[in-house]
Amino acid sequence: MNGENGRGDSQVSCGTKGSGRSSEDSHKHKDKHKEKEHRHKDHKKDKERDKIKHSNSEQKEHSEKKHRDKEKLKHSDGSSDKHREKHKDKEKRKEDRNQTSHSDKHKKEKENGYVREKSPAAIKSEPEDDNSFYPSPKHNKTSKRECDDEEFEYKPKKVKVEHDKKAKKRKHEYEEDEEDEDVKHKKKTKDKKSSEGKKAKKEEEEKWKWWEEERSTDGSKWRFLEHKGPVFAPSYEPMPDKVKFYYDGKPMKLSAPAEEVATFFAKMLDHEYTTKDIFRKNFFKDWRREMTSEEKSKITDLNKCDFGEMNEYFKAQSEARKQMSKEEKQKIKEENERLLQEYGFCIMDNHKERIGNFRIEPPGLFRGRGDHPKMGMLKRRIRPEDIIINCSKDSKHPKPPPGTKWKEIRHDNKVTWLASWTENIQGSIKYIMLNPSSRIKGEKDWQKYETARRLKKCVDRIRAQYREDWKSKEMRIRQRAVALYFIDKLALRAGNEKEEGETADTVGCCSLRVEHIKLYPKLDDQEYVVEFDFLGKDSIRYYNKIPVEKRVFKNLQLFLENKQSEDDLFDRLNTSILNKHLQELMDGLTAKVFRTYNASITLQQQLKELSCSDDNIPAKILSYNRANRAVAILCNHQRAPPKTFEKSMQNLQTKIDEKQNQLSAARKQLKAAKADHKASHDEKSKKAVELKRKAVQRIEEQLMKLQVQATDREENKQIALGTSKLNYLDPRISVAWCKKWGVPIEKIYNKTQREKFAWAIDMAEKDYEF
DNA sequence: CCCTTAACTTAGCATGGTGTAT
DNA sequence: ATACACCATGCTAAGTTAAGGG
């Protein structure tokens, strides 16, 4: 069923990253990413690619007719100033009108293909309502449209029962919450009896199936919210006097504020960050700001600063921490647990929910990723006065630490955060929000996958359209169409514009520059190859060579005309334009939905392809990991090879060799036993043969397991599976797969992941189709 | 509009606890 | 019991997107 919608995996083969420096010249920022370099090992990748590569066939190109209107498409002049071009677009709007016949057609398609006709069935058009996918018993009972079942996997009976139970429970809890909270808390933490009660309640909470409840439709995120506020970073503890800081070779006692900032630097001394010019410059500037005027006049050169002793001190400290006795460690653990119990949860709409990050980020030196212009700047300490608290009016408001106040307390139930503050490096806002296992996050996650599944239903239509748009007379339409093709085929990110000089220079699809692609009319045995080489999110390099359709290729050539290498490839496109267009194609469609969709559909396809019924469990898991890996490659989820990789690989190999020896020994014994049996034909020897046979079998299995493990690890060397598992793969696919093949879910999801995906684990059956 | 910003998701890395082998 | 590898977890940076305001 999904087959026709998938794209024959062509995208899977594309995520390969190439080797190191070859294409570096095209990189403005080449030298700055040394630390990432080691990732770009390719023979490994080639192997990987071969494994999951499939016919990379594009549909046959129709012979491209010469477009007579090429003139129109030409860049007006050498300029690539986006804004100027944009004005031209405005002028062109008249032309757009011509296009309306075009877009009208699309609208109609839209109605037929996906947006159901509203009038006939008198059913509220669900896809237009974002909340529509939530099970609504009424609907499902009366309206039996295919899509309902498909979208909801709805099991009316079960839900009904649960609902009733739920209702009772909710009432119960509600009554409980009516009690004086204060009294309750005290009671619970004090005596044992009530702590049991607490446990019971907790268990109840853990079973809460929010996914079987209806969701609010008015845009509010909650009705009641109570929490204790954030936990602040521990205050600064001055250095012992014996630990000295030296300036120009002479010991110097620093004022507390200056000393604190100095310790941040001292702690990082053996990180290569501290050798970078920008880092040092930024640090020094910010550090001086914390100094007394006296210090400021003395300390004028960072190179004359010696943080060595401080650095040693911290190393000793962490060593001491490791050496702590069990009891001490236990004590710390308990303290952490207490903090978690007190501050790690909130009450949201009658349920106790886990908070994601209840600790405020401690001060320190900012470490951006990649080549960040602000690296080394001081991330200042956050005080209560910086914090905005969000909670219910009728809740017990969190108390600020004695002698302080909050910046503000607000009661905004249109947002999900409990507290926020503005960070001083980028001026962006940081939030305290709930854990992924919470209702509020889970619903959103579920919704994300439902949107992706809706895309599945209309992706053919959308693809047909962008292919059509490659021929448009309008430059902006063509650019949009080619960009969308990349986003779809290569799972590129949208690519917002970024303020230059404020962040690392990274790009996504819409912000690709001329320097990031190379065109090869012919490369080896392939035609129309595009080579991508750019730094994406987190300054992770994306390197890929892929053959594209001729028309795309020609368009790219056109886009490149008269441009400099630092000019935008899609000078008439940005994420806002693209997303507006996507919104018109499907309700809720944005660029990132393609990533979710393609990731999930790829997993499903790969699982189908790779799973083999007579595999044992480890082999099945290997298949799963391979499917997962295909997605990670598609999404370019890389990691630095683990530091201990080589060594642990060696260890594993040793184990394998040992096993092999064991095996041949066991085989010999088996042979001997057989011979023995042949000679004597007695019961005893027969039993011995059986015994030996079993032993051989067991060892074979163990060997197999080890080999599988080795393969898996090798293939995973620089690929991170976690990100896609956590963010892109509809968990119901995995759950269904586990059920189908009898693989315990614990083999696929760890505890945290099971908590996050509880909804999927509960609702997906073995026949679930994404 | 067009730009800014709030809100929320996605991302890789450090680290420290845990489980396993010795 | 100890050492060590591994993995879960926390952390926080860096994206995307929609909405709001000038």
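Below, chains carry the letters A, B, ... as their sequence lines are ordered, and counting in each starts from 1.
Between the base of B:dT9 and the side chain of A:Lys448 there is no donor-acceptor pair shorter than 3.5 Å.
Annotation: the terminal axes of the helix from B:dC1-C:dG22 to B:dT22-C:dA1 meet at 10°, where each axis is the rotation carrying the C1' atoms of four end pairs onto the next four (5 pairs per end, rounded to 10°).
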Name the pairs: protein N/O against N/O of nucleotides 3-7 of chain C, kept only if under 3.5 Å.
from  : atom 1 : to       : atom 2 : distance (Å)
C:dA5 : OP1    : A:Lys647 : NZ     : 2.7
C:dC6 : OP1    : A:Arg713 : NH1    : 2.8
C:dC6 : OP1    : A:Arg713 : NH2    : 3.2
C:dC6 : OP2    : A:Ser648 : OG     : 3.3

So which protein nitrogen or oxygen atoms get under 3.5 Å of nucleotides 18-22 of chain C's nitrogens or oxygens?
none

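Evaluation of the salt bridge (Lys or Arg N to Asp or Glu O under 4.0 Å) rule for A:Glu701 yields no partner, not counting sequence neighbours. Applying the side-chain hydrogen bond (donor to acceptor under 3.5 Å, both in side chains) rule to A:Lys407 yields no partners; only residues at least two apart in sequence or on another chain are considered. The salt bridge (Lys or Arg N to Asp or Glu O under 4.0 Å) search around A:Arg698 returns none, not counting sequence neighbours. Checked against ring-ring contact (aromatic ring centres under 6.0 Å, His included), A:Phe264 has no partners two or more places apart in sequence or in another chain. Partners of A:Arg493 according to the side-chain hydrogen bond (donor to acceptor under 3.5 Å, both in side chains) rule, which considers only residues two or more places apart in sequence or in another chain, do not exist here. Taking the side-chain contact (heavy atoms from CB on, under 4.5 Å) definition, one finds that A:Ser428 meets it with A:Glu423, A:Gln426, sequence neighbours left out. Residues that satisfy the ring-ring contact (aromatic ring centres under 6.0 Å, His included) test with A:Phe358, not counting sequence neighbours, are absent from this structure. Contacts of A:Ser437 classified as side-chain hydrogen bond (donor to acceptor under 3.5 Å, both in side chains), with partners at least two apart in sequence or in another chain: A:Asn435.
When each of A:Ala494 and A:Arg359 is assigned the nucleotide of DNA chain C with its nearest heavy atom, A:Arg359 is the one assigned upstream, toward the 5' end.
The side chain of A:Asn727 approaches B:dT10 more closely than any other nucleotide in the set C:dC11, C:dT16, B:dT10.
Within 4.0 Å (heavy atoms only), A:Ser576 reaches no atom of the nucleic acid at all.
Residues from residues 415-425 of chain A lying near DNA chain B, meaning a heavy-atom separation below 4.0 Å, are A:Val415, A:Thr416, A:Trp417 in numerical order.
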